[in-house]
Each structure stands twice: as C-alpha cells, then as structure tokens.
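The structure's right below; bear with me while I get my questions together.
FYI, the numbering just counts along the sequence from 1.
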Amino acid sequence: MAVYWLLAAALGKWLFYLSLVILPGWLFLRFISRGNDQTWLARAGLLFLVIALTALLASSLLLIQVGEINQRGVMGMFDPVMRDILLTTPNGTSLYWRLAGLLFWSLAIAGLWLPRLLLPLAVLGTVCLAVSFAVTGHVATLAGISQLFIVLHIVAVTAWAGSVLLLCFLLRPVPADELATEQWHDLFRQYGRLAVPVLAVMLISGGYLYIQLLGWSVIPDHAYHWLMLGKLVLVAMMLAVAARHKFRLVPDIQLALMSPGVDEPGVSLRQTALSRMRASLFVEGMLAVGILALVAIMMTFVGPQSLLHQMN
C-alpha cells in the first residue's frame with residue numbers, strides 16, 4: 001500500500017509542477033510582448049482556472065501525505081487530526097506559502113486592466129511560490145545565501161519552462177498572414193534576448209545548489225546522483241534546442257518575411273518557418289515535461305542523503 005501512496009505523491013507533484021510553471025511563464029511572456037498585439041496574453045479566465053487547479057493540487061499533496069501516514073485507504077486522507085498536525089510542520093508552512101502566492105496571483109489577474117498592480121502582485125506571488133520550495137524537503141537544511149539561491153532557481157526555472165509550454169500551446173495553428181508572422185518574429189526575438197539572463201540565473205543558482213547538496217563529486221554513487229545526472233542531460237538538451245531557436249529558426253522566420261514566396265503548393269515560406277519553430281518548441285516542451293517528471297521522482301523516492309521519502 002505504501003508504494004501506491006508514493007506513486008500518488010510523485011504523480012501529484014508532477015501535475016502540480018506542470019500547473020505551477022504556467023503562471024511565471026505567462027508573466028514572462030507578457031513582459032516581453034508589451035508592444036506586441038498578442039491578445040491571448042490577456043485571457044484572465046484561463047489563468048484563474050490554472051490558479052484554482054494549482055491550489056487544488058497543492059492541497060492534495062498534503063492530503064496524500066496524510067493518507068500515507070494513516071494507511072487506511074482513501075478515507076485516511078481526510079483525517080482531521082493528522083491533517084492539523086501536518087499543518088504545523090514544514091509541509092504545512094510550504095502549503096501556506098503556496099496558497100499565499102496563489103492569492104497574490106488571483107489579485108493580480110483580477111486587476112489585469114491595471115498594469116501598475118499586475119506586475120508587483122504577480123512577482124510577489126511568484127516569490128511566495130518559490131519560497132514554498134525552500135522551507136521543506138532536503139533543501140530546507142541549507143541556510144543563509146543558499147535559501148536565496150533556491151528562490152532564484154525556482155523563479156528562473158518556472159519562468160523558462162512555463163513560457164516554453166505556453167508557446168507550444170499558443171502557436172497553434174500556424175498563422176498564414178504576414179502581420180501575425182511579424183508579431184511572432186518580434187516575440188521570439190525578444191524572447192531569445194531576455195531568456196539569456198533567465199538561463200544564466202538558472203544555471204548559476206543550480207550549480208551552486210548542486211555543490212551545496214552533493215559537493216564536488218562527479219562520480220554517480222547513489223540513486224540521487226544518477227537522477228540528477230539524467231536531469232542535467234535533459235537540461236543540456238533543452239539548452240541546445242533553445243540555442244537552435246535563437247541562432248537558426250528565428251533568423252529563418254526573418255528571412256521568410258523578407259523573401260515572400262511558397263515552399264510548396266499552398267504553403268508560404270512564412271508558414272514553413274513557423275511550422276519548424278512550432279515543432280522545435282514541442283521538442284523543448286516535452287523535455288521540460290520530462291525534467292519536471294524527473295524532479296517529482298527525485299523529491300518523492302530519493303534524496304541526497306537517503307532513499308527516505310520527503311514531501312516537497
């Protein structure tokens with residue numbers, strides 16, 4: 001029975017991560033497309049749905065741990081005594097940070113027509129969500145500047161992964177008119193420029209935390225090491241795909257705009273260039289999904305010190 005609870009925890013964390021990253025990803029895309037008439041960036045209703053889903057999944061993670069402790073089936077998840085006890089632990093503190101962050105996000109989206117309130121509230125919400133990862137799990141043992149690096153790492157990772165997943169969804173179908181292609185080109189160009197500092201923060205903070213948790217050892221001798229190695233391989237693949245976007249596919253879109261014509265009957269060069277970008281974004285998005293799944297497994301089944309399950 002314990003194995004089923006662990007599997008439920010891993011699945012719940014993976015779904016929670018997928019839902020969570022959408023919010024910082026949306027904020028990042030909105031920030032870089034201020035002068036770009038991409039109306040899909042203002043769909044407040046869908047964002048409220050994401051916020052509600054994220055809150056439900058965050059609460060479910062605590063209930064799953066209650067059920068795991070009780071070992072009395074599904075109904076054991078709703079034991080009020082054990083729930084109240086867990087709410088006084090770091091897991092409860094993490095949940096409170098997450099709910100506070102989602103509350104700030106709700107206020108930000110409710111005031112979507114007031115840009116002066118949107119950005120500070122959304123940033124505050126994102127920071128609260130990032131802090132929730134620093135107060136529990138094995139990283140909670142780190143102190144001082146390491147806590148700041150945890151927050152910076154989570155903010156950078158969620159902004160990058162979330163924006164990639166959103167772009168995978170939003171570039172469907174591929175637009176055929178020249179104006180829409182120009183808008184997408186401008187967005188990708190800005191995205192490639194501003195993603196560089198985000199990736200720099202992600203890599204520097206991630207490298208620092210790796211050394212703090214695992215030291216300078218590069219020889220895998222533990223399950224956590226192997227999973228971390230797999231994660232680093234997937235991150236390297238994402239970086240390679242992102243570099244291809246910046247140095248190959250975005251210039252191809254610009255070239256297609258400068259050279260009107262058809263690639264094949266009924267398909268313009270613009271459509272071909274955007275189709276290639278969409279396919280490449282899909283690959284990067286699937287790599288992001290894989291990384292989040294690997295992190296969920298790492299946070300559920302193993303840790304840098306032992307195989308003891310920890311709720312994150």
Side-chain angles (χ1 to χ4, degrees), residues 1-24 45-110 121-122 124-143 147 150-151 154-155 158 224 292-312:
M1 182 65 73
V3 174
Y4 294 114
W5 285 114
L6 289 174
L7 291 174
L11 178 61
K13 289 175 184 178
W14 181 54
L15 295 175
F16 171 71
Y17 298 156
L18 287 173
S19 178
L20 172 67
V21 299
I22 297 300
L23 297 173
L46 292 178
L47 291 174
F48 276 122
L49 181 61
V50 171
I51 292 171
L53 178 61
T54 306
L56 177 63
L57 290 168
S59 302
S60 297
L61 290 176
L62 187 77
L63 295 179
I64 289 173
Q65 191 179 33
V66 173
E68 181 186 358
I69 295 173
N70 278 329
Q71 293 294 317
R72 291 193 289 110
V74 176
M75 296 307 299
M77 296 171 58
F78 304 99
D79 183 343
V81 176
M82 185 56 64
R83 179 201 62 205
D84 291 343
I85 292 175
L86 284 178
L87 285 174
T88 64
T89 67
N91 297 319
T93 302
S94 176
L95 177 61
Y96 290 140
W97 275 106
R98 289 170 180 177
L99 294 179
L102 294 172
L103 176 60
F104 284 122
W105 261 101
S106 298
L107 295 174
I109 302 306
L121 286 174
L124 184 58
T126 300
V127 170
C128 287
L129 291 171
V131 170
S132 74
F133 289 89
V135 298
T136 186
H138 57 269
V139 294
T141 60
L142 302 177
Q147 294 288 312
I150 294 169
V151 173
I154 296 299
V155 170
T158 54
Y224 190 87
L292 294 178
L294 200 56
V295 170
I297 293 172
M298 293 168 64
M299 296 299 101
T300 303
F301 294 101
V302 298
Q305 304 299 331
S306 69
L307 299 176
L308 185 64
H309 167 55
Q310 298 184 59
M311 183 72 175
N312 185 31

Practice problem: May I ask you to test the I85-V81 pair for a side-chain heavy-atom distance under 4.5 Å? | Solution: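 They are in contact (side-chain heavy atoms under 4.5 Å apart), so the answer is yes.
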Quiz item: Checking T158 side chain against V155 main chain: does a donor-acceptor pair fall under 3.5 Å?
Solution: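 Indeed, once roles are kept as given, a pair shorter than 3.5 Å links the two residues.
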Quiz item: Considering only heavy atoms from C-beta outward, does the side chain of Y96 approach that of L87 to under 4.5 Å?
Solution: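 They are in side-chain contact.
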Self-check item: Minimum heavy-atom distance R83-V66, with the two atoms named
Solution: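 It is CA-CG2, 3.9 Å.
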Quiz item: Is the closest side-chain heavy-atom distance between P90 and V135 below 4.5 Å?
Solution: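 They are not in side-chain contact.
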Quiz prompt | For the student: nearest non-hydrogen atoms of G92 and L62, plus distance | solution =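 Taking every non-hydrogen atom into account, N-CD1, 4.5 Å.
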Self-check item: From CG (L95) to CG (L86), nearest 0.5 Å
Solution: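 One finds 10.5 Å between CG of L95 and CG of L86.
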Exercise. Give the intermediate values and the outcome of side-chain contact (heavy atoms from CB on, under 4.5 Å) for residues T88 and D84.
Key: CA-CA 7 Å; T88 64; D84 291 343; over 6 Å; no
Exercise. Mind listing the closest non-hydrogen atom pair of F133 and R98 along with its distance?
Key: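 In this case the closest contact between F133 and R98 is CE2-NH2, 3.6 Å.
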Exercise. Over all heavy atoms of both residues, which pair between A55 and L99 is shortest? Give the atoms and the distance, please.
Key: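 Residues A55 and L99, closest heavy atoms: CB-CD2, 4.2 Å.
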Self-check item: Donor-acceptor under 3.5 Å (S106 side chain, L102 main chain)
Solution: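 Looks like yes, one N/O pair under 3.5 Å.
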Quiz item: Do W5 and M77 come close enough that some side-chain heavy atom pair is under 4.5 Å?
Solution: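 Side chain of W5 against side chain of M77, heavy atoms only: contact under 4.5 Å found.
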Self-check item: I154 side, atom CD1; Y17 side, atom OH - distance, nearest 0.5 Å
Solution: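 If I round to the nearest 0.5 Å, the distance is 8.0 Å.
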Practice problem: Mind checking the CG-CG spacing from L124 to L129? Nearest 0.5 Å is all I need. | Solution: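 The CG atom of L124 sits 10.0 Å away from the CG atom of L129.
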Self-check item: Euclidean distance, T54 OG1 relative to F16 CZ, rounded to 0.5 Å
Solution: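 Spacing of CZ (F16) from OG1 (T54) equals 6.5 Å.
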Exercise. Taking all heavy atoms of C128 and all of G101, pick out the closest pair and write down the distance.
Key: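 Distance-wise, the nearest heavy atoms are CB-CA, 3.5 Å.
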Self-check item: F301 side chain reached by L7 side chain, heavy atoms, under 4.5 Å
Solution: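 They are in contact (side-chain heavy atoms under 4.5 Å apart), so the answer is yes.
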Practice problem: Check T300 against A296 and note the closest heavy-atom contact, atom names and distance. | Solution: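 Shortest heavy-atom contact: OG1-O, 2.7 Å.
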Exercise. Supply the atom-to-atom distance L23 CG to F104 CZ, rounded to the nearest 0.5 angstrom.
Key: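 It is 14.5 Å, given to the nearest 0.5 Å.
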Quiz item: From L6 CG over to L11 CG, what is the distance, rounded to the nearest 0.5 angstrom?
Solution: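 L6 CG to L11 CG: 12.5 Å, rounded to 0.5 Å.
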Quiz item: Applying the side chain to side chain contact (heavy atoms under 4.5 Å, CB included) test to Q65, which of T89, N70, N91 qualifies?
Solution: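 Among the candidates, only N91 passes.
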